[in-house]
Structure formats: structure tokens, C-alpha cells
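Note that ligands are numbered from 1 as they come in the structure, with each ligand's atoms numbered from 1 the same way.
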Amino acid sequence: MISQQIQTITKQFPEHVQLVAVSKTHPPHVITEAYNCGVRMFGENKAQELVSKYNELPKDIQWHFIGHLQRNKVKYIAPFVSLIHGVDSYKLLSTIHKEAQKNNRIIPCLLQFHIAQESTKFGLHKDEAHELITLCRKNELNHVSIQGVMGMATYTDNTNQIREEFASLRKTFTHLKTTYFKDKPEFKHISMGMSQDYKIAIEEGSTLIRIGSTIFGERDYT
Ligand SMILES: *Cc1c(COP(=O)(O)O)cnc(C)c1O
């Protein structure tokens with residue numbers, strides 16, 4: 001089942017697109033099944049759950065933190081996390097910098113933007129990003145590496161709306177790239193697209209697709 005789903009999804013991917021298999025709530029043996037199909041990037045949104053899976057599973061897995069990250073949880077994941085998708089404040093970025101420094105690492109991060117209509121979804125507004133990047137440079141947060149943007153579209157059947165929201169994230173990416181990251185090849189990621197909307201996301205320029213339920217089935221939160 002899992003291997004078939006992974007194949008079906010990834011065979012439609014253009015070369016610049018990578019899969020982040022969102023394994024939150026699923027036990028290690030399920031992750032192993034995806035790992036055995038060649039998947040190496042997994043996404044989790046709870047620090048404790050991520051740490052215990054990191055300890056239990058193969059060390060060549062690249063663990064992505066994809067949800068809202070509380071500052072007091074950064075220290076648990078700082079030793080090993082590969083990419084933090086949800087940076088939406090300078091304070092959080094500064095905490096990641098400090099914890100990365102303690103671990104003698106540079107932690108790759110994406111800036112999360114608010115692109116959906118729902119007010120519940122986290123993320124920066126466009127004007128806030130300029131302030132964040134300016135402060136980051138002024139204060140020399142050299143243990144974080146800003147590598148792109150991330151966003152979640154509105155949960156809706158209206159594909160035009162989803163497409164517009166993804167297009168706006170891509171525009172934000174391009175604007176930041178030309179304004180601040182022209183000479184930074186590592187600033188290259190647009191993390192957008194989930195089970196419901198990843199095909200639209202690919203058409204709108206996504207480079208990292210975060211897919212959970214289509215691969216692993218529905219999550220059981222009970
Ligand atoms: C859970 C989650 C996903 C995966 O969602 P699916 O609909 O199961 O594919 C992707 N991104 C984020 C930020 C998530 O929290």
C-alpha cells in the first residue's frame with residue numbers, strides 16, 4: 001500500500017521537486033516501510049515525537065520539523081534536525097541560532113508565510129519578512145541558514161483560490177530571492193503542497209511537497 005502510494009505520487013514529480021513524507025502520529029515501523037521504498041525525508045510536528053523517532057530509526061533520515069515550533073522545544077531537536085519549515089518570528093529564529101551554536105551546527109530554516117484565508121494558520125506577512133531578515137543580518141545569526149519559504153493554502157475545494165495562494169507564495173519567494181538572496185544558491189526552497197493540493201503546488205513552482213495521509217492513511221489522534 002505505502003510503496004504503491006509513494007510510487008504513484010513521486011512518478012509525477014518534476015526533477016526539482018522532493019517529497020517530505022509527513023509521518024506525524026505514525027509509529028516507527030510504518031516509517032520504516034517508507035524508508036525501505038527509498039524515502040529519506042520525513043516531516044514531524046511535535047518535538048518529543050520527533051526526538052524519539054530520531055533515536056529509534058536509521059541515522060541517514062533527514063528529519064524536517066513542519067509545524068508550529070515553540071521556542072522552548074528548539075533545544076530538543078537542534079542536535080539533528082535537517083530543516084525547520086515553520087519559522088515565523090525573529091524570536092524563534094534567534095532561539096534556533098543559539099541552540100544551533102551550542103551544537104556547533106548551522107540549521108537550515110524556511111520562513112513560513114500566511115497565505116491562507118483562515119486566520120488560524122501561522123505565518124509571516126510579507127512586510128514582516130523584511131524586518132526579520134534585516135535583524136537576522138544585523139545581529140549576525142550565522143548559525144541559521146534561511147533557505148526558502150513555506151506556506152499552507154486554505155482548506156477548500158476552490159482550486160482557483162488555492163492556485164492564487166500558492167502563486168502568491170512563489171512571488172514572495174522570487175521577491176526575497178532578488179532582494180536578499182541573489183548570491184545565495186541555498187535559498188532555493190518553496191515548501192508548499194499537501195495531500196489535497198500538491199498537484200496545484202507543483203504547477204505553481206513548489207520544490208518540497210509535504211504529504212502525509214495519501215501515503216500513510218488517515219491519522220488517528222485518539
Ligand atoms: C500534517 C501536515 C501536512 C501533511 O498533511 P496531509 O494532508 O496528511 O498530507 C503537511 N504540512 C503540514 C505543515 C502539516 O502539519
Student: For the pair R163 (side chain) and E203 (backbone), establish whether a donor and an acceptor sit closer than 3.5 Å, ignoring hydrogens and angles.
Tutor: no
Student: Give me the residue, atom name and distance of the protein heavy atom closest to atom 9 (O) of ligand 1.
Tutor: S195 OG, 2.5 Å
Student: Is a donor from one side chain sitting under 3.5 angstrom from an acceptor on the other, for S23 and E44?
Tutor: yes
Student: Classify the ring geometry between F187 and F173 as parallel (under 30°), tilted (30 to 60°) or perpendicular (over 60°).
Tutor: parallel
Student: Please work out, at 4.0 Å between heavy atoms, whether the side chain, the backbone, both, or neither of M150 comes within that distance of ligand 1.
Tutor: side chain
Student: Enumerate the atoms of ligand 1 whose separation from the nearest heavy atom of I211 is less than 4.0 angstrom.
Tutor: 9 (O)
Student: Could you tell me whether some N/O pair between G212 and ligand 1 is separated by less than 3.5 angstrom?
Tutor: yes
Student: Return yes when H85 approaches ligand 1 closer than 4.0 angstrom through a heavy atom, no otherwise.
Tutor: no
Student: Among all protein heavy atoms, pick the one closest to atom 11 (N) of ligand 1 and tell me residue, atom and distance.
Tutor: R210 NE, 2.8 Å
Student: Can any side-chain N or O of R40 pair as donor or acceptor with the backbone N or O of Y35 at less than 3.5 Å?
Tutor: yes
Student: Under 4.0 angstrom from ligand 1, any heavy atom of Q196?
Tutor: no
Student: Using modelled atom types only, decide if a donor and an acceptor are shared between the side chain of K53 and the backbone of H26 within a distance under 3.5 Å.
Tutor: yes
Student: Considering only the protein, which heavy-atom contact is closest to atom 5 (O) of ligand 1, and what is its distance?
Tutor: M194 CE, 3.4 Å
Student: Where the closest heavy atom to atom 13 (C) of ligand 1 is concerned, which of T214, V20, I66 has it?
Tutor: I66
Student: Please check this pair: side chain of E165 against backbone of T154, looking for a donor-acceptor N/O pair closer than 3.5 Å.
Tutor: yes
Student: Taking only heavy atoms of S213, which atoms of ligand 1 are found under 4.0 Å from at least one of them?
Tutor: 6 (P), 7 (O), 8 (O), 9 (O)
Student: Check the orientation of H85 and H64. Use parallel for under 30°, tilted for 30 to 60°, and perpendicular for over 60°.
Tutor: tilted
Student: Using modelled atom types only, decide if a donor and an acceptor are shared between the side chain of S213 and the backbone of E218 within a distance under 3.5 Å.
Tutor: no
Student: Where is the nearest protein heavy atom to atom 2 (C) of ligand 1: which residue, which atom, and how far?
Tutor: K24 NZ, 2.6 Å
